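Atoms within each ligand, like the ligands themselves, are counted from 1 in listed order. The structure presented is a predicted model; accordingly, all values stated were derived computationally and were not measured.
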Amino acid sequence: GVTADEMFAKANTSLTYNDFNIFPGFIDFPVSAVDLTTKLTKEITLRAPLISSPMDTVTEHEMAITMALHGGIGIIHANFPTPADQAAEVLKVKRYKQGFINFPQCIKPDDTVLDLMAIKSLYGFTGTPVTDTGKVGGKLLGLVTSRDVDFIKEKLYKSTRIGEVMVPRERLITGSETLELSDAYNILEGEKKGKLPIVNSNDELVALIARTDLKKSRDFPNSSYDKKGQLMVGAAINTRESSHATVTLLVEAGVDVLVVDSSNGASQYQVDLLQWLKSTYPQVQVIAGNVVTMRQAKLLIDAGADALRIGMGSGSICITQEVMAVGRAQGSAVFQVARYARSRGVPVIADGGIRDVGYITKALGLGASTVMMGGLLAGTTEAPGEYFWGPNGLRLKKYRGMGSIDAMEAHSTSQDRYFTSDDAIKVAQGVTATMRDRGTCHKFLPYLIRGMQHGFQDIGIKSLNEFHSKVYDGTVKFELRSQNAQLEGGVHSLHSYEKPAY
Ligand code: XMP
């Protein structure tokens, strides 16, 4: 094997994750001893090196909450109708309270039992709050449970209104916003109830507590919390003039880190914005990018970046390299930029091209402190958008590049990322696609984390710090692999196979 330095020198070409393997090391510790603690930025530490990408088919509050619960962080995308909508997503993450269902499916009193059955079959809920708007935030009017509709004959589902069968507000026991989980549990136990709606002083529904959830109340020992004990969250901004006002809203909502979202970070707009951000809001960490060369990295670090996001054209939905003729293979970009940024004390994010857990380990091995994922998370329950059935009975979700025509037409912020705002002729740098249902991130993220720990154990290292030190001092060895070796490294020579579920 060779050192990472030698590998890149020897290849004399651009490399990416698939071009090499890492040599195994000596194992004298269990998988659970591997510590994945890392730096997101100069000031923010995470227990898991995982970030969800600020894309409108990947990260809104639900994804961000789940990422933070599992020790990573989500970056809320900027493609909302207004900056206030984006700030509202940040606030939802900040207000998240473990054990509270913050966004319960609700129903309106004039909806029918058939509508309730549709909710039940989709989400499997047994108690649904009834509000005037049919949404959380509306006035609480009642609660409808299976017990209330069990006796109704199926042929009457369509003609029976929820208002006729629900338990009305005056007979409901509710909790206030300030209620602690332990008190909620006592109320539910004492009253032998399954669901406790939580209301604010205007009697508007703000959350729901379920007894079954409390019983199996999950433990998230590695969650990413801020100093106030709230989950951490990031938000993307662009380099437009109006971003100053957006930043103010995001900061007021409590955002921990801002990501300047640009396909090519080496611009005067970004330098100006970084300088303004660091002088106006020194308490907020700023991730700049994207970059793929040391020169770009130097420009943004000099301007005040607290971390850099690396990648140009390496994402699964990206066509930048084909359309713009510009970019860099992700392995080379990560290695070269990370090495330089390390010398300046700035952590880097390997953004794009992560296809499975082994790719994460390789990205970290090339010097990244965290990885950012789009496609890998886009088919999960927590990604925005509804599932739909595709051909062959596959359950799918939409995933689109932020530089796709689709995303750019949806909102102009996406155009800013690709410098096409004021241009009637749009040149797409991404495609629109579908992803297979991947299930919930509550299973997928622990799988990624455990997978990384196994990879680290195989390499013989116990922590990310140790990994980086041993890559840079040459202890960890790499080897390039031929195209045939790449084929051999994947599944081959089978009639058919099924990929194991995590
Ligand atoms: P993955 O491979 O995780 O990549 O799906 C996600 C990353 O891709 C970038 N991105 C784009 N790049 N055109 C591009 O060239 C696009 O339309 C586009 N949309 C997203 C982005 O860095 C993201 O994190």
Side-chain angles (χ1 to χ4, degrees), residues 16-18 49-59 63-64 67 72-79 234-238 259-265 270 287-292 296 307-331 333-334 337 348-360 362-363 368 370-380 383-384 397-411 413-420 426-436 438 441 444 448:
T16 194
Y17 304 129
N18 237 346
L50 303 174
I51 312 175
S52 64
S53 178
M55 298 172 73
D56 59 8
T57 46
V58 180
T59 312
M63 177 65 76
M67 292 299 296
I73 194 165
I75 313 295
I76 306 282
H77 70 84
N79 225 12
I237 52 169
N238 54 59
V259 174
V260 186
D261 199 14
S262 172
S263 58
N264 178 357
Q270 182 150 164
I287 298 171
N290 279 23
V291 299
V292 290
Q296 289 177 303
L308 293 176
R309 188 173 162 204
I310 304 173
M312 194 171 190
S314 53
S316 56
I317 29 56
C318 303
I319 51 172
T320 296
Q321 292 182 12
E322 303 205 352
V323 178
M324 301 292 155
V326 177
R328 195 172 195 184
Q330 185 67 346
V334 171
V337 175
V348 304
I349 300 164
D351 171 25
I354 301 294
R355 297 194 216 172
D356 206 334
V357 59
Y359 289 67
I360 303 180
K362 285 182 174 181
T370 50
V371 298
M372 182 177 275
M373 297 161 293
L376 212 59
L377 302 173
T380 62
K397 253 193 196 187
K398 185 166 162 178
Y399 177 45
R400 66 182 180 194
M402 294 301 277
S404 63
I405 293 290
D406 201 20
M408 287 197 289
E409 279 179 350
H411 292 293
T413 42
S414 200
Q415 298 173 23
D416 294 327
R417 185 172 204 271
Y418 298 93
F419 303 92
T420 64
K426 302 286 177 234
V427 180
Q429 291 192 45
V431 298
T432 301
T434 54
M435 299 305 276
R436 277 178 82 154
R438 231 180 238 286
C441 277
F444 189 50
L448 292 181

> Should Pro54 be counted as touching ligand 1, given the test is an N or O pair under 3.5 Å?
Replying inline: no
The answer for which part of Met55 has a heavy atom under 4.0 Å from ligand 1 is side chain
Judged by heavy atoms only, the candidate from Cys318, Gly374, Ser263 nearest atom 8 (O) of ligand 1 is Cys318
Only residue of Thr57, Asp56, Thr434 satisfying side-chain hydrogen bond (donor to acceptor under 3.5 Å, both in side chains) with Arg400 is Asp56
A student comparing Ile51, Asp351, Thr57 should find that the heavy atom closest to atom 7 (C) of ligand 1 comes from Asp351
Here the atoms of ligand 1 under 4.0 Å from any heavy atom belonging to Tyr399 are 1 (P), 4 (O), 5 (O), 6 (C)
Under 4.0 Å between heavy atoms, the region of Asn290 that gets near ligand 1 turns out to be side chain
Practice problem: Consider every N or O of Met372 and every N or O of ligand 1, then say whether any pair is closer than 3.5 Å. | Solution: no
Within the 3.5 Å criterion, strictly below it, is a donor on Gln429 or Thr320 matched to an acceptor on the partner's side chain? yes
Non-hydrogen atoms of Met312 versus ligand 1: any pair closer than 4.0 Å? no
Atoms of ligand 1 under 4.0 Å from any heavy atom of Ile317, numbered from 1 in the order shown, are 8 (O), 10 (N), 11 (C), 18 (C), 19 (N), 20 (C)
Checking side-chain contact (heavy atoms from CB on, under 4.5 Å) for the pair Asp261/His77: CA distance, chi angles, key distance, verdict? CA-CA 9 Å; Asp261 199 14; His77 70 84; over 6 Å; no
Numbered in order shown, the ligand 1 atoms found under 4.0 Å of a heavy atom of Ser404 are 17 (O)
Taking only non-hydrogen atoms of Arg309 and a 4.0 Å limit, the atoms of ligand 1 in range are 21 (C), 22 (O), 24 (O)
Here the atoms of ligand 1 under 4.0 Å from any heavy atom belonging to Ser316 are 1 (P), 2 (O), 4 (O), 5 (O)
Numbered in order shown, the ligand 1 atoms found under 4.0 Å of a heavy atom of Met373 are 3 (O)
